[in-house]
Amino acid sequence: MKAFPEKYQRPETEKECRRRWAADDAFKWDPSLPPASDYVIDTPPPTVSGTLHVGHVYSYTQADIIARYFRMSGRNVLYPIGWDDNGLPTERLVEKVKKVRGRDMNRAEFVRLCREVIPTYEAQFRDLFSRLALSVDWSREYQTISDESRTVSQLSFLDLYRKGLLERRLEPTLWDPVDRTSIAQAEVDEIERQGKLNTVAFGLEGGGEVLIATTRPELIGACSALMIHRDHPRASELIGKRAISPLYNVLVPIVADDKADPEKGTGIVMCCTFGDVTDVQWWRDHKLPLRIIIDKTGRLNADIPIGSTDWPSTDVASAKATVEALKGLPVEKARAAMLQLLSERGLLRGQQPTNQVIPVAERSGAPLEIIVTPQWFIRTLDFKAEILAKGKEIVWRPDYMRQRFESWVEGLKWDWSISRQRHFGVPLPVWYSKRRGEEGKILVASADQLPVDPTADLPQGYSAEEVEREADVMDTWATSSVSPQLVTRTINEDYGLDLPVHRRLFPMAMRPQAHEIIRTWAFYTIVKALHHQATIPWRNICISGWCLASDGAKMSKSKGNVIDPIKLLDENGTDVVRYWTGTSRLGNDTVLSPNTLNQGKRLVTKLWNAARLAHLSLQNAEISPTTPAQDVRGGVIVHPLDQWLLGCLADTVGKATESFEAYEYADALRGIEDFFWRIYCDNYLELVKSRTRFEGKPAAAQLSALHTLYHATTTVIRLFSPFLPYVCETLNDLFAREGSAKTVHGRGNWPKLADQADAGLNRELGETVLEIIGGVRKVKSELGVSLRAPVSSLVITSEPSRQNSGEPGALLAPVLGDLKDVAMAQELRFAAAAPEGWAGTLTANQELRVSLTIDTAALEKAKAGG
RNA sequence: GGGCACUUAGCUCAGCGGUAGAGCACUGCUUUCACACGGCAGGGGUCACAGGUUCAAAUCCUGUAGUGCCCACCA
């Protein structure tokens, strides 16, 4: 064995471990092993859009703990890593860093800038993940914007298009007027703000008026109907009549619909194309005309065909004046202007403040508009039942996270829009024909020409003049939703680069991810697997919670409670930080608590020192340990306390294994820690010291102790190693015999239950010994003397009720020497009753005499039974 | 408005039908002999509240309140 260093040199050791893991290819998937042992992880490719977050540390470490366990347990783990580097977040980052605006540049130039900026940020993530000791296979690193990823993503497009699951449709879409792109339902956030509910008077055809309430008066021009509930007092009077919109004088039908709440506002609401999602539904249900007055930048149009046949006005001239007054104004300003105009004419009849929750774009924060543009949609609404069924086939960890998925699917209102009017993404692989006779025909790229950029390439058999080029790109989720397929490089039986590998690896074993992207990443990945192969993408999904600041609040820049993960690692060391993540189970949010970090620090130090003690005894010993089970059976480990310790260890191994198999790594950690501190360090090491180190002990007892020490220490190191990879790797190496410098994290290196001694071996004896040790410690503590203070006489008696059933000394005979040593007792004897006048505990002059009464019932029973 | 989770010692959490647990913090003691980044002992909780089931409830059921999240509505 190597010499044991005085102190644990953390930064150097961490580096050395990483070097060795890389040199040994320790974390590579081995294709030559039988497929049944495969354990494939669908690692989240982090969005490379800026700052590292402690949340990354938290969730990626949890996944790694699981990965390390499964690898050690013998699975052939494939743990890939990639970077999601395209899409809106990256564009915004590049715009910030380079101080440019993507929309003012041509695509090629902007993409060049993106590719220039990305590597710096990827390097930061690579550095963090590597320091975290993620046991990923770095040789499989990929980018979602690489040629290969673009090919796979476009293959996914081809397959869905061919199956009719992906369509180009001209229809209302959620629109971000700041980023000027269509977005998906999943990218919608909400903000709360103060708004005003305005009561506005509409005229009635043939005289009279009707009052409506609206928070968006600037959309009066887009009004295509008024909606009223059947139970509204004026329902019978109004339904079927036509109203005249103020300022535009457009004739709009008054329509009955039960979604109009008679209690809200005036009970009569205008339907505009489009103010919100309900408008879209009304527009569809009642086949209302489309009246668009807002453009893609969120401003009011100048060109509004009022007066045309499907946009009739009773006073076209004043309508045009209104259009003229509002043209080019952004919605907020148009709203103010409109209210001004209404109030000048006495048409604004009331105003009351109201708390509004309005939908905004997640990325830009801009209030959304709903705009009619041609976009590409993946069909989801027609497949809710199938998607839900697939969700039920997957094991959600924790199980309740499935509910979030299900309520999201049940609440879907839009198909999945994947086209984005942006630059840096995977291009939609299509053109539109301009050939005579097939104008507008969609020309899809062929599989063999991928990856394709329609703005640069052409469809086979067409000239540049014959096509209109699709300039949109896919949303980043359209690509990251095939993250498993990016790894297998194959979509399904028909499309791909490596079908045999895909057949072997897909569906995968496990997806780790955070809960806030269940509605996006988890959902989209499930949809893609369903559409491509009618299957689930993975058998398990592990949902991690959030990391909160130490005050329990969400970390955010504005609160100034953000912690830099690199600093956290510098200050504490990776193992300590990983310990903290390991104490929190899947799905639970956690606070970054100094207490827990401190606990981890203590553990690492204690582990180091306990190993050092064992090492001191073992380094010059000539022993050849086999397994705990064999050494007990083979008569090498003969001492009852050694057997007891190994029995406890077996129990710990069994429980930890069981917990890990259920993905309850936090339970496993707790059990391992419990054994390590309470049984192993606090008691066993104290008990065994004399037998290993003092002269004059029987050789058999010493050999027994040394073997036990070796087994217990090396097993504990392996048990802790998924959590504390660096210190465990280092310690494991120090105990390695010459020429066997295998990593502790190697496949199959998890302690096997079959190799352990019998669980619970000599349990009663061990517990009785602990009771005696505890009793002596308590006496010494209460008397305020050192634990090392010698005891002149230690007398042990049984509980009064047991006193007739025999001498406890006979039962404890084999461990008397150990008890004497650990208690520092010069004399140890058993008595039927406590000696007269001792009264349990006492001191006399310099002498410490201790009398303990213990319950030996269990011990006797065990003796009798065994 | 619907759903989910949580509410246990000052703090962070475990326990989930059978005498209240851990770590940190607190108090006292303890330092040649692995570790003072240690050890030992101790104080501290009517397990959110109210009902119910049970021989027995922190644990199961019902309801209430608070916290967080998800979803929906938002004229």
Side-chain angles (χ1 to χ4, degrees), chain A residues 4 6-8 190 192 195 197-200 212-217 219 226-227 259-261 263-272 275-279 354-359 398-413 515-516 518-519 545-546 548 550-554 576 580 583-585 587-617 666-667 670-671 673-674 677-678 681-682 685-686 689-690 693-694 773-774 776-789:
Chain A
F4 206 99
E6 267 296 309
K7 260 202 103 183
Y8 179 41
E190 290 177 338
E192 221 182 310
L197 186 59
N198 305 285
T199 305
V200 175
I212 62 115
T214 178
T215 54
R216 298 202 59 182
L219 289 178
L226 297 187
M227 317 305 294
K259 268 202 291 300
D261 182 350
E263 301 297 320
K264 239 176 213 170
T266 63
I268 302 172
V269 56
M270 65 173 182
C271 168
C272 307
D276 62 28
V277 183
T278 318
D279 287 342
T354 172
N355 253 337
Q356 287 182 290
V357 180
I358 59 164
D399 183 63
Y400 61 77
M401 287 293 179
R402 181 193 281 110
Q403 303 255 359
R404 298 204 184 180
F405 171 77
E406 289 179 348
S407 68
W408 173 255
V409 175
E410 280 157 8
L412 278 177
K413 286 226 158 63
H515 61 58
E516 79 271 20
I518 289 174
R519 67 177 186 174
W546 272 341
L548 307 171
S550 48
D551 58 356
K554 201 175 157 181
V576 170
W580 157 68
T583 57
S584 184
R585 44 162 41 119
N588 273 15
D589 292 343
T590 190
V591 294
L592 182 53
S593 123
N595 274 354
T596 312
L597 288 173
N598 192 42
Q599 205 171 329
K601 206 171 287 179
R602 255 171 35 107
L603 175 62
V604 170
T605 307
K606 189 77 173 179
L607 187 57
W608 180 264
N609 285 309
R612 184 156 156 236
L613 173 64
H615 196 274
L616 280 173
S617 306
D667 286 350
R670 189 177 283 268
E673 232 187 322
D674 216 50
W677 281 103
R678 240 172 287 287
C681 290
D682 292 352
L685 286 182
E686 297 301 325
K689 265 178 190 172
S690 66
R693 302 184 59 197
F694 293 172
I773 297 175
V776 173
R777 282 174 179 162
K778 186 166 174 172
V779 169
K780 289 183 175 178
S781 184
E782 280 169 356
L783 294 172
V785 303
S786 164
L787 291 180
R788 293 211 167 90

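We name chains A, B, ... by the order of the sequence lines, and we start the count at 1 in each one.
Here the nucleotide nearest the side chain of A:Lys606, chosen from B:A41, B:A34, B:G15, is B:A34. In this structure, the nucleotide among B:C24, B:A34, B:U12 sitting nearest to the side chain of A:Asn595 is B:C24. With distances taken from any side-chain atom of A:Leu685 to the nucleotides B:G39, B:A34, B:C24, the minimum falls on B:A34. You'll find that the side chain of A:Arg678 is closest to B:G23, out of B:C35, B:G23, B:A5.
For the C1' atoms, the distance linking B:U8 with B:G44 amounts to 14 Å, nearest Å. Rounded to a whole angstrom, the distance from the C1' atom of B:A48 to that of B:G68 is 16 Å. If you take atom P in B:G42 and the same atom in B:G3, they sit 48 Å apart, rounded to whole Å. Rounded to whole Å, the separation between the P atoms of B:U54 and B:C61 comes to 16 Å. Here the separation of B:A41 from B:G51, taken at their P atoms, is 40 Å to the nearest Å. Using C1' as the reference atom, B:C6 and B:A58 are 14 Å apart when rounded to the nearest Å. For the P atom pair drawn from B:U19 and B:A57, the interatomic distance equals 12 Å after rounding to whole Å.
Taking a pair as Watson-Crick or G-U with both hydrogen-bonding distances under 3.5 Å, the stems of three or more pairs touching RNA chain B are B:1-7 with B:65-71, B:10-13 with B:21-24, B:26-30 with B:38-42, B:48-52 with B:60-64.
Residue A:Trp677 is classed as a sugar-phosphate contact, given heavy-atom separations below 4.0 Å to backbone atoms only. If you check every strand for non-hydrogen atoms under 4.0 Å, A:Asn198 touches nothing. Among the heavy atoms of the strands lying under 4.0 Å from A:Ala610 is at least one base atom, whether or not backbone atoms are also near. Across all strands shown, A:Glu406 has no heavy atoms under 4.0 Å from either base or sugar-phosphate atoms.
Counting heavy atoms from C-beta outward, A:Asp276 and A:Asp279 have side chains that approach closer than 4.5 Å. Proximity of A:Arg612 to A:Tyr8: side-chain heavy atoms (C-beta onward) are nowhere separated by under 4.5 Å.
Taking side-chain N and O atoms only, A:Lys778 has a distance below 4.0 Å to OP1 or OP2 of B:G42. Between A:Asn588 and B:A14 there is a side-chain polar atom (N or O) within less than 4.0 angstrom of OP1 or OP2.
One finds the CG atom of A:Leu548 at 12.0 Å from the OG atom of A:Ser593 (value rounded to the nearest 0.5 Å). Atom OG1 of A:Thr605 and atom NZ of A:Lys7 lie 8.5 Å apart (nearest 0.5 Å).
The residue among A:Gly774 and A:Asp261 whose nearest nucleotide of RNA chain B is located toward the 5' end is A:Gly774. Toward the 5' end of RNA chain B, the nearer of the two residues A:Arg585 and A:Thr605, judged by each one's closest nucleotide, is A:Arg585.
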Practice problem: Output, in order, the C-alpha distance, side-chain angles, deciding distance and verdict of side-chain contact (heavy atoms from CB on, under 4.5 Å) for A:Leu613 and A:Lys689. | Solution: CA-CA 9 Å; A:Leu613 173 64; A:Lys689 265 178 190 172; 4.1 Å; yes
Quiz prompt | side-chain contact (heavy atoms from CB on, under 4.5 Å) between A:Lys264 and A:Leu197, worked out | solution = CA-CA 10 Å; A:Lys264 239 176 213 170; A:Leu197 186 59; over 6 Å; no
What nitrogen or oxygen pairs link the protein and nucleotides 67-74 of chain B at under 3.5 Å?
unit_1: B:C69; atom_1: O2'; unit_2: A:Arg404; atom_2: NH1; d: 3.0
unit_1: B:C69; atom_1: O2'; unit_2: A:Arg404; atom_2: NH2; d: 3.0
unit_1: B:C71; atom_1: OP1; unit_2: A:Arg519; atom_2: NE; d: 3.4
unit_1: B:C71; atom_1: OP1; unit_2: A:Arg519; atom_2: NH1; d: 2.8
unit_1: B:A72; atom_1: OP1; unit_2: A:Gln185; atom_2: NE2; d: 3.1
unit_1: B:A72; atom_1: O3'; unit_2: A:Lys413; atom_2: NZ; d: 3.2
unit_1: B:C73; atom_1: OP1; unit_2: A:Lys413; atom_2: NZ; d: 2.8
unit_1: B:C73; atom_1: N4; unit_2: A:Glu190; atom_2: OE2; d: 3.4
unit_1: B:C74; atom_1: OP1; unit_2: A:Thr278; atom_2: OG1; d: 2.7
unit_1: B:C74; atom_1: OP2; unit_2: A:Thr278; atom_2: OG1; d: 3.1
unit_1: B:C74; atom_1: O2; unit_2: A:Val357; atom_2: O; d: 3.3
unit_1: B:C74; atom_1: N3; unit_2: A:Val357; atom_2: O; d: 2.8
unit_1: B:C74; atom_1: N4; unit_2: A:Glu190; atom_2: OE2; d: 3.4

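Taking 3.5 Å as the limit, the base of B:G28 and the side chain of A:Ser781 contain a donor-acceptor pair of atoms between them.
Contact record, A:Met401 with A:Gly587: CE-O, 3.9 Å, taken as the closest heavy-atom pair. Heavy-atom minimum distance, A:Leu597 versus A:Trp580: CD2-CB, 3.9 Å.
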